[in-house]
Amino acid sequence: MRLRNKPGAMATIENSPQYILTDGSEWRGKWHERFEKQQPLHIEVGSGKGQFIVGMAKANPTINYIAIELQTNAIISILEKQLLEPLPNLQLLLVNGADLDDYFAEGEVDQIYLNFSDPWPKTRHEKRRLTHPNFLAIYEKIAKSEAELHFKTDNRGLFEYSLASLSQYGMLLQEVWLDLHASDFEDNVMTEYEEKFSQKGHPIYRLEAHFVTKK
Ligand code: SAH
């Protein structure tokens, strides 16, 4: 189902080019120029309404963040937050994560976050999962060699798939949580979905992994 855009959403987006782009290809390799400070660049693919990335940008002013989201109706909520209380270290990009290498140069990104990505449980939709090897190859291309991938979900099937997919791809799992909220993990910034599903009693799964440098 295609959601209808909120009235005026595209106009708000077009009127805010300092915060949001609908085609970032001209900034490929020079995203740092869109930020006040030159500092590490972390991106989130599938930011939804942005509670996580806005919280992270507030908590970590020495890191630059880009929220990537393909739904206008979701990213407009992030833009509204940014217009109310602008954060100099947050930019928004309304594009499909499958095309990230059109928007980021090799090694431009220091860290990648995936939070509560769509599970796409049917095998025939496997390629749409954001931890499918095709996506991992794109992340590897745009990420620095020491970059980390951090992934949270309440979806057990997607988590199991992702553990296998990452390790078959040759990534190194550094740490895995099977119940994040019952762990001693500090400074967790909750996403919208994380609040919703943990309130329902779902455990939250989390992993941190990195690409093993090919020598
Ligand atoms: N991270 C948020 C939202 C999770 S829902 C949270 O945890 O609350 C998953 C989001 O990913 C949706 O908003 C969906 O539009 C977005 N998404 C799915 N596939 C994507 C892709 N290929 N590129 C960018 N965003 C994507």
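These numbers were taken from a predicted model, which means no experiment stands behind them. In listed order, ligands and their atoms are each counted from 1.
Among protein residues, Glu44, Gly46, Ser47, Gly48, Glu69, Leu70, Gln71, Val95, Asn96, Gly97, Asn115, Phe116, Asp118, Leu130, Thr191, Glu192, Tyr193 come within 4.0 Å of ligand 1, judged on heavy atoms.
We find that Glu160 and Arg156 are joined by a salt bridge, their nearest charged nitrogen and carboxylate oxygen being less than 4.0 Å apart.
If you check the side chains of Tyr65 and Asn60, you find a donor sitting under 3.5 Å from an acceptor.
Scanning both residues, Ala209 and Met171, for their nearest heavy atoms gives CB-CE, 4.0 Å. When every heavy atom of Pro133 is checked against every heavy atom of Tyr161, the shortest pair comes out as CD-OH, 3.8 Å.
Cation-pi geometry between Arg128 and Trp120 is met: under 6.0 angstrom from the ring centre, within 45 degrees of the axis.
When atom types are taken as modelled, the side chain of Asn89 and the backbone of Ala57 share a donor-acceptor pair closer than 3.5 angstrom.
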